[in-house]
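For reference, the structure discussed in these notes is given below.
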Number of protein chains: 2
Amino acid sequence: MSDELPGFADVEAAAARLAGKAIVTPLLEHPELNERLGGRLLIKPETLQRTGSFKFRGAYNRIASIPGEQRGRGVLAYSSGNHAQGVAAAALLLGLPATIVMPADAPAVKVANTRAYGATVVFYDRYGDDREAIAAELLEKTGATLVRPYDDPLIVAGQGTCGLELVRQARGLEATLDAVLVCCGGGGLTAGTALSVKALSPETEVYSVEPESFDDTARSLAGGARVGNRPEARSICDALLSPTPGVLTFALNRRLVSGGLSVSDAEVERAMAFAFNRLKLVVEPGGAVALAAVLSGKIATAGRTTAIVLSGGNVDPATLQGALDRNP
Amino acid sequence: MSDELPGFADVEAAAARLAGKAIVTPLLEHPELNERLGGRLLIKPETLQRTGSFKFRGAYNRIASIPGEQRGRGVLAYSSGNHAQGVAAAALLLGLPATIVMPADAPAVKVANTRAYGATVVFYDRYGDDREAIAAELLEKTGATLVRPYDDPLIVAGQGTCGLELVRQARGLEATLDAVLVCCGGGGLTAGTALSVKALSPETEVYSVEPESFDDTARSLAGGARVGNRPEARSICDALLSPTPGVLTFALNRRLVSGGLSVSDAEVERAMAFAFNRLKLVVEPGGAVALAAVLSGKIATAGRTTAIVLSGGNVDPATLQGALDRNP
């Protein structure tokens with residue numbers, strides 16, 4: 001793995017690699033939501049992406065770049081579930097075996113889907129075990145290539161194709177983007193999207209959005225150095241529970257991102273219910289944080305054009321039902 | 001109301017009227033679903049339309065055409081819910097008061113949304129009362145304009161804009177459509193879509209899809225004359241419980257539609273669960289019949305390009321939960 005920071009050219013190369021493989025998700029606009037906000041809101045539903053989240057983009061870009069002689073040993077990833085599915089689906093398409101190290105409390109739908117793509121799943125305890133140590137041991141045994149969830153230039157570049165499409169589609173709608181809000185765990189989607197947005201529309205501000213108890217990127221951006229979350233922190237946003245910002249992703253985000261927003265689990269559930277009832281989209285907790293930030297007024301939207309990414313839709317029905325029950 | 005059959009020029013006129021008012025819903029394609037079917041499936045999610053169904057298209061086209069001097073008396077409609085919301089939302093946008101006669105067992109979400117658009121709701125018993133008689137009495141009292149659910153050339157032309165978009169978007173994807181499957185109640189969406197498809201792509205076959213106990217259009221097409229459903233018929237597809245094909249819609253459909261398919265409630269629930277789990281789309285029972293027809297093999301899709309409309313997404317959470325519970 002190269003540790004060089006990726007640039008916009010890497011995103012363009014990823015877009016070429018992903019053409020015909022990843023879904024070009026639409027950019028949606030909902031007049032009634034615009035009226036409510038007094039501005040324009042453009043919605044990029046990566047929920048409609050292959051595997052139900054943006055993660056397929058980075059995973060495919062990374063795995064497609066593995067040299068021929070290493071392919072036979074397969075790939076290995078650790079992931080709460082969306083990266084797992086992205087890696088498993090990309091490996092299946094490219095004909096590589098995949099092993100995924102997943103937390104034992106990952107949503108059942110994510111575990112089942114990962115297995116459905118033919119991957120071998122190895123469980124660990126999210127709050128007790130060291131997933132990187134478990135992965136290292138497996139890597140040594142198998143000689144597989146590690147596909148990191150975010151701290152990899154090819155992963156960041158792949159996720160950046162989401163932002164690339166977003167900016168081009170916004171132009172097609174004759175929209176001038178004031179701000180783009182991106183769901184943020186380790187910061188790969190944020191960094192990739194920021195690369196695209198800042199290259200194509202430098203005036204547009206990019207914001208990361210996190211669960212309020214996992215606001216490491218927001219605090220790191222504010223303080224100018226990577227800080228972590230409290231070990232006892234919990235959130236329903238299983239896709240966004242990274243301990244700290246990535247090294248590579250933070251190096252990009254501190255340069256490109258205007259600031260970090262955060263939302264409570266209750267605000268996330270309200271956004272999930274709104275997406276279900278009004279947008280008719282299935283959105284998982286971690287995929288709803290940017291929408292939650294907009295709906296709960298964490299950023300000014302009146303008289304402006306704001307874009308958000310709905311980053312994933314892999315939610316267990318019971319979790320969504322709970323959100324609907326609490327937001328009738 | 002004119003009883004002349006609408007033509008494709010009327011659809012084009014409707015498209016001009018709806019520009020900037022209705023949402024141009026995307027045309028989606030899901031590689032894994034294609035692989036499963038061995039062909040191409042293009043999905044037009046009218047679930048993402050204003051009011052959560054295609055009904056806004058026809059309602060807006062109809063209400064926008066009411067002469068100025070009649071507007072003050074408002075509009076009246078009878079509807080199980082989706083037409084109600086379409087009429088209420090269009091009337092609100094155009095500044096007309098709206099009264100909606102709805103069955104007492106309409107999904108709560110549809111009643112609540114109709115009221116949220118400012119309409120007055122009057123209930124009737126779906127299996128006991130004559131909704132047309134109730135509507136006639138209210139019309140006499142108020143002088144309002146009746147906005148029929150399907151048997152009106154302007155309604156059919158408005159719904160036809162869905163098909164117009166579909167054909168143009170399919171061309172953008174370099175797809176040659178072999179068949180288009182449309183959810184069918186009274187036949188307005190089917191007739192409008194067929195007008196567009198047959199004008200722009202005459203080789204493409206159009207099929208109506210109905211619940212199997214409300215397959216009046218299928219039997220009418222097969223026999224060449226309008227027949228009705230048994231009074232004791234029931235289905236979870238509340239949006240598609242029309243007693244017979246419309247006069248005007250059947251006159252078009254018998255000329256333009258290749259045949260009628262039907263699906264069981266169990267097949268509909270399986271399709272709703274598939275849409276939730278794999279497509280990440282919220283689809284109501286009546287909106288899922290075309291998808292159900294494809295998934296349950298009611299039409300050949302291997303080696304062909306098929307398009308379906310997901311006509312609505314206004315489902316109560318408990319109804320969707322039931323479908324998910326029965327299709328784990």
(request) Could you pull out all residues at least two apart from B/Arg304 that satisfy side chain to side chain donor-acceptor pair (under 3.5 Å)? (result) none

(request) Check side chain to side chain contact (heavy atoms under 4.5 Å, CB included) between A/Pro317 and all other residues, then give those that pass, not counting sequence neighbours. (result) B/Phe276, B/Gln321, B/Leu324

(request) Look at the side chain of B/His83 and the backbone N and O of B/Val147, then say whether any donor-acceptor pair between them is shorter than 3.5 Å. (result) yes

(request) Please state whether the side chain, the backbone, both or neither of B/Asn314 comes within less than 4.5 Å of a heavy atom of chain A. (result) both

(message) Name the residue from B/Val289, B/Val209, B/Val268 that meets the side chain to side chain contact (heavy atoms under 4.5 Å, CB included) definition with B/Leu240.
(response) B/Val289

(message) Return the CG to CZ distance between A/Leu166 and A/Arg171, rounded to the nearest 0.5 Å.
(response) 11.5 Å

(request) Go through B/Asp325, B/Val282, B/Ile23 and name the one with the most non-hydrogen pairs under 4.5 angstrom from chain A. (result) B/Val282

(request) Please list, in residue-number order, every residue in residues 102-121 of chain B that has a heavy atom less than 4.5 Å from any heavy atom of chain A; write 'none' if there are none. (result) B/Asn113, B/Tyr117

(message) With chain B as the partner, which of A/Gly313, A/Gly52, A/Ala275 has the greatest number of non-hydrogen pairs under 4.5 Å?
(response) A/Gly313

(request) Identify which part of B/Glu284 has an atom lying under 4.5 Å from any heavy atom of chain A, answering side chain, backbone, both or neither. (result) neither

(message) Taking every non-hydrogen pair under 4.5 Å, which of A/His30, A/Glu29, A/Glu32 racks up the most with chain B?
(response) A/Glu32

(message) So, taking the atom named CD in A/Glu165 and the one named CZ in A/Arg57, what distance separates them when rounded to the nearest 0.5 Å?
(response) 4.0 Å

(request) May I have all residue pairs that pass ring-ring contact (aromatic ring centres under 6.0 Å, His included) and include part of residues 301-328 of chain A, sequence neighbours excluded? (result) none

(message) Less than 4.5 Å to any heavy atom of chain A: does that hold for the side chain of B/Leu320, its backbone, both, or neither?
(response) side chain

(message) Given heavy-atom pairs under 4.5 angstrom as the criterion, report whether the side chain, backbone, both or neither of B/Leu279 touches chain A.
(response) backbone

(message) Could you check whether B/Thr25 and B/Gln49, counting side-chain N and O atoms only, form a donor-acceptor pair closer than 3.5 Å?
(response) no

(request) Calculate, to the nearest 0.5 Å, the distance between atoms CZ and CG belonging to B/Arg270 and B/Asp265 respectively. (result) 11.5 Å

